[in-house]
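Data block below; observations after.
Convention: sequence-line order gives letters A, B, ...; per-chain numbering from 1. What you see is a predicted model, and the numbers here were worked out from it, not measured in a lab.
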Number of protein chains: 2
Amino acid sequence: MSKLEEISLKTLVKLLRASDSVSEDVHKHLKDYGLTVSQFGVLEAIYHLGSMSQSDIAKKILKSEANIVTVIDNLEKRGFIKRVKNEKDRRYINIVLTDKGKTLIEIIFPQHKKIVAERFSCLSEEEILLLGDLCRKLGKNMPK
Amino acid sequence: MSKLEEISLKTLVKLLRASDSVSEDVHKHLKDYGLTVSQFGVLEAIYHLGSMSQSDIAKKILKSEANIVTVIDNLEKRGFIKRVKNEKDRRYINIVLTDKGKTLIEIIFPQHKKIVAERFSCLSEEEILLLGDLCRKLGKNMPK
DNA sequence: CTCCAATAGTTAGACATCTTACTATTAAAC
DNA sequence: GTTTAATAGTAAGATGTCTAACTATTGGAG
């Protein structure tokens, strides 16, 4: 086995495990609010970026269109978001945060920030930046 | 928002996206063989480490005990592994690779290595090692 | 020795997500 | 303009995974 293949394989395992472990830790508290990771992703996206269509959301949180329908359905049932038809192009539906949804995300997000920072505190600031940089190089369609 | 919180959040997003993107790319070819990622993980684990119990496998591939039962069921149905009762401690079941399973993994694994190395080729050797190191620091129960 | 706690595995039921096929709407080609 | 292709969203069905409750087996405390 070539050396590059070997270190790539080992790094793959570490990357996937680190990602799993971090994701589990930082999303655990969502259960207290009955939210899935995807539901939180939707609320967070429209809270920070404003209302957008379902397909935009799908791209944003990397889930299939069909799945987003279910996620939005469930958030809508609980009154955290609402669907608003776009009158200019009636194919589009804008997903809008309700007051109830805004209240919720404003409770959860500060906790989330703290938990994430805590989880990354085993790395120095330089290491966190470096890790982000390497992930950006490795990923596709990455945020800046 | 504190600076450390901010860079931690951004790095979290990059880590999860990179991991998703890489995982999708390097596991795509498994569908050609009708294998799920978990099924491949089981075959690969017992191919390289020898037969082990279901609970060992669960720890190894980071899935729940209950899920491993299903994964093993499906691999067994297709004749890639078999269950062998451990006679010394009858609570344990050893999962053993069959000849058919060995043939399969010996076809898939070399392809897998190549695909992974190819996927990491946007990074230099030093960067891959560095990424692995940072992930190891960040994760829990990480391989060396 | 007996009983209790821990461990390995299984089953049932729930849920998130995926793929595929479908409808509705818009844009583009001719 | 009419037809055709592309896009947004939905519905149906399948699958992978989870939690919780259960059985079987083993080890340890008294």
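Residue whose closest nucleotide on DNA chain C sits further toward the 5' end, between B:N94 and A:K88: B:N94. Each of A:D89 and B:S64 was matched to the nucleotide of DNA chain D holding its nearest heavy atom; the match closer to the 5' end belongs to A:D89. Residue-to-nucleotide proximity on DNA chain C shows that, of A:R90 and A:E65, the 5′-proximal contact is made by A:E65.
Residue A:D73 contributes atom CG, which lies 14 Å from atom C1' of C:dC15 at whole-angstrom precision. Put simply, CD1 on A:I68 is 11 Å from P on D:dT10, counting in whole angstrom units. When the P atom of C:dA8 is taken as reference, atom NZ of B:K60 falls 16 Å away, rounded to whole Å. For the pair B:R91 CZ and D:dC22 P, the interatomic distance rounds to 21 Å; values are reported in whole Å. Rounded to whole Å, the distance from CD on B:E87 to C1' on C:dA8 is 15 Å. Atom NZ in B:K63 sits roughly 18 Å away from atom P in D:dT15 (whole-Å rounding).
For A:I93, whose side chain is taken as the heavy atoms from C-beta onward, the closest listed nucleotide among C:dT26, C:dT19, D:dG9 is D:dG9. Side-chain proximity of B:A66 to D:dA20, C:dT25, D:dT17: nearest is D:dA20. Here C:dT10 is the nucleotide among C:dT19, C:dA6, C:dT10 with the atom lying nearest to any side-chain atom of B:V69.
Within a 6.0 Å sphere centred on CD of B:E24, heavy atoms belonging to other residues, nucleotides or ligands number 12 at most.
At distances below 3.5 Å, not a single donor-acceptor pair connects side-chain atoms of B:S51 with backbone N or O atoms of B:N94.
Here B:R83 pairs with B:E76 in a salt bridge; the nearest charged N to carboxylate O distance falls below 4.0 Å. Between A:K137 and B:E127 there is a salt bridge, since a side-chain N of the basic residue sits under 4.0 Å from a carboxylate O of the acidic one. Between A:E6 and B:K113 there is no salt bridge, since no side-chain N of the basic residue sits under 4.0 Å from a carboxylate O of the acidic one.
The phosphate of C:dT10 (OP1 or OP2) has a side-chain N or O of B:R83 nearer than 4.0 angstrom.
Residues from residues 26-58 of chain B lying near DNA chain D, meaning a heavy-atom separation below 4.0 Å, are B:T36, B:S38 in numerical order.
Between B:F40 and B:F109, the two ring planes are parallel [angle under 30°; tilted spans 30° to 60°].
Hydrophobic side-chain contacts under 4.5 Å tie A:V84 into a cluster, directly or through other members, with A:V96.
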